[in-house]
Amino acid sequence: MRPLQAMPAESVVGAPRPAGRPDQGPAAGPAGAAVGPGRPMAPPRPQPPAVHHALLCVNAPAMAASGPDGQLRGHGLHGFYRNGVRVLARMELRLGGMEPLPLQGTLTSAAQARFLGAVRVPGDLDPDPALTVERLRHADGVETVTVRNTGARPARLPLEIALGTDLGPVGEIAAGHRPPDLPGQVQSAGLRWSGPVHSAVVSAKPSPHAVLAGAGVLRWDLEVQPGARWSVELRAELESAPGGGPRPPAGRGTGVPLPWAEPEVRSDDPRAALLVDRSLDALSGLLFADPDRLTDLYPAAGAPWRFGLAPADALWAARLTLPLGTRLAAGTLRALARRQQLTPAPGRTEGLLPGALRHGGPELPPTCTATEATLLFVTVLAEAWRWGMPRMEVAELLPAAERVLAALREGLVDGFVTDLSRPAQERAAHPVAARAEVQAQAHRAALHGAELLEAFGRPGAEEWRSWAAGLRGRFRERFWIDDLSGGRPAAGLAPGGHPLPALAGSLVHLLDTGLAVDGDRHESLLDREQTRLFAQRLVAPELDSGWGLRTLTAKSPRFNPLGHRGGAVRIHETALAIAGLAEAGHENEAGALLEGLLAASAHFEGRLPEMYAGEQRAPGCPPVPHPAACRPAAVSAAGAVHAVFALAGVRPDVPGGRVLVRPASTAPLGELELTGLRVAGEPFSVRVSRIGVAMVEEASAELQLVAR
């Protein structure tokens, strides 16, 4: 549990609850604080592990974590994991009784890491190290150790690898608990550890010369000639006892293609290409196959804390990567439709998708991720259809979308949407605040739902358009706060109608109006002048840290640059702001935010985490990492891709046979060329010049190209 936040966080479906997340758990005082007058001191609370310095390899459902030296020491999150279980906690290497001097540790891809160390041969008078030790690690549990002798004499010395595990659940480890190590047993060319439900096996090729089960050590007596090298492959595997529970989700699998096209990005700003390439690589490591249909892939929310299906995150990632094809969206939508609430049950609304409360920060009420995911389902389906998802696949999912609209109809309170997961009686008896971003999501879902109903000959389209128009009027009247700067949107309405004045990053959802017919954008809940004033507030220093948008204004007395919703920079919200501002015509503001995001990405080697501190950017100071951020995270990886692609302004309407191309005329990246996009399932390439003029260089012959 983490003592800084008060509300339970969003959970993941089919994965252990990650208790160490920064937005989880009940509030608590400092570890060891007294619980009352005259009462004894409480025992120290375990500290959740920090992971901002960890090197994480991810290949769902497996991951590996260590320090930059490559040693797995059993500390914190260190180890190999599979299906939420720590398969191996320790893998400490010594050559000649010495740990290699760490030289470099880096990710070569989302799933692989390389560690390089050096060892001086005992008695060697040469000051330069004669031996190098390379460790190539894959998240799936395979590690290759190579010793190379560059000296002038043969190297004769033992290689020892100390192994151990606790088979601990990642949820407990995330909460700071360290289960005791299990005793090892010799098995064939390695070691075995057994627990009540799982067993772990480590095997080695070539076989070790000695196996010390009590100490958990594999030993080889090496003789490496000058200029020669020697290698060993270690493989850690998890075995489950028969009847050990439901079948866990599988990964994408060897040979299964990625559910998106692999684009090529060329730009005057090289940071953009690196960011897109590494973001898609990160997203590929999070892909799960639905156990009910292995061809349906969806992204996990993030590693290490939320390594499972979180419906809202999965839908966001699928939506933001639609320019690369509709396969990820289709797989995610089908997987979630199978989990949709079909029969009314106590405390549940028919048509709802799973999701829990998410902490809203120090000045705002919590948000319900079930509500967010449920409303987003309709938008992803409608926009995937616009990008070219086959009509038959859309029709199969239309009943699920209609159940969402029915849930929306039943969930209204005073004309606004609060929490769809609460029964009507509870909403009436105990009203909660109506948040601004939820109204934007509901407004967009209503308009997208109307388009789907009309196109597929279902009733109700005009009813939803009328409701959306009414919501626009109510929102502009009741959610706007006039002030000396001209005004700004309220973050929410408290029960009774009092506006909540917090200025939060979540308000960027008001700019995300969605893809409409003919590639146009839907009308916003804000009018043109309100949008202009809001755009100015977004790029003011109180919200724009210089590295991206803060989740809460720095002027708030409760601002915390490391606050998950209290001041940290979240990539997802910054990306939505960049795209929304550009589409609304505020391109200079969009370019300023994009520059901050690209500058931050350079410090993270193109692999942006879920969030980082909202400290103000200063010369010579890199962005401060967040100790509990997921790395990678689906929404930040997809959001980074979206921020770059949005500048090309490709907005298709495949059912209407048109593609609108409306790039940012300010060309913040200079010349930008995107090759390998997908529209209507066919390759689509576009080039934007340095003066913001677009040229479509490849497209389906069935589509009419429109430029504005």
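Of the N and O atoms on the side chains of Trp316 and Glu372, at least one donor lies less than 3.5 Å from an acceptor on the other residue. For Arg444 and Thr379, the side-chain atoms include at least one donor-acceptor pair closer than 3.5 Å.
Checked for salt-bridge contact, Asp296 and Arg327 miss the test: no charged N lies under 4.0 Å from a carboxylate O. The pair Asp281-Arg607 meets the salt-bridge criterion, since a charged nitrogen lies less than 4.0 angstrom from a carboxylate oxygen. Between Glu523 and Arg476 there is a salt bridge, since at least one side-chain N of the basic residue sits less than 4.0 Å from a carboxylate O of the acidic one. Salt-bridge annotation for Glu542 and Arg537: present, with a side-chain N of the basic residue lying under 4.0 Å from a carboxylate O of the acidic one. A salt bridge links Asp483 and Arg488; the closest N-O separation between the charged side-chain nitrogens and carboxylate oxygens is under 4.0 Å.
Ring planes of Phe479 and Phe475: parallel class, angle under 30° (limits at 30 and 60°).
Heavy-atom minimum distance, Leu538 versus Leu543: O-CB, 3.7 Å.
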Review point. For Arg570 and Glu610, what are the C-alpha separation, side-chain angles and deciding distance, and is it a salt bridge (Lys or Arg N to Asp or Glu O under 4.0 Å)?
Key: CA-CA 6 Å; Arg570 292 180 59 84; Glu610 173 188 17; 3.7 Å; yes
*Any chance you could lay out the side-chain hydrogen bond (donor to acceptor under 3.5 Å, both in side chains) test for Ser506 and Glu573, step after step, and finish with the verdict?*
CA-CA 7 Å; Ser506 59; Glu573 290 176 352; 5.2 Å; no
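Proximity of Ile481 to Pro489: side-chain heavy atoms (C-beta onward) are nowhere separated by under 4.5 Å.
Screening residues 428-438 for salt bridge (charged side-chain N to carboxylate O under 4.0 Å, His left out), with sequence neighbours left out, gives Arg435-Glu437.
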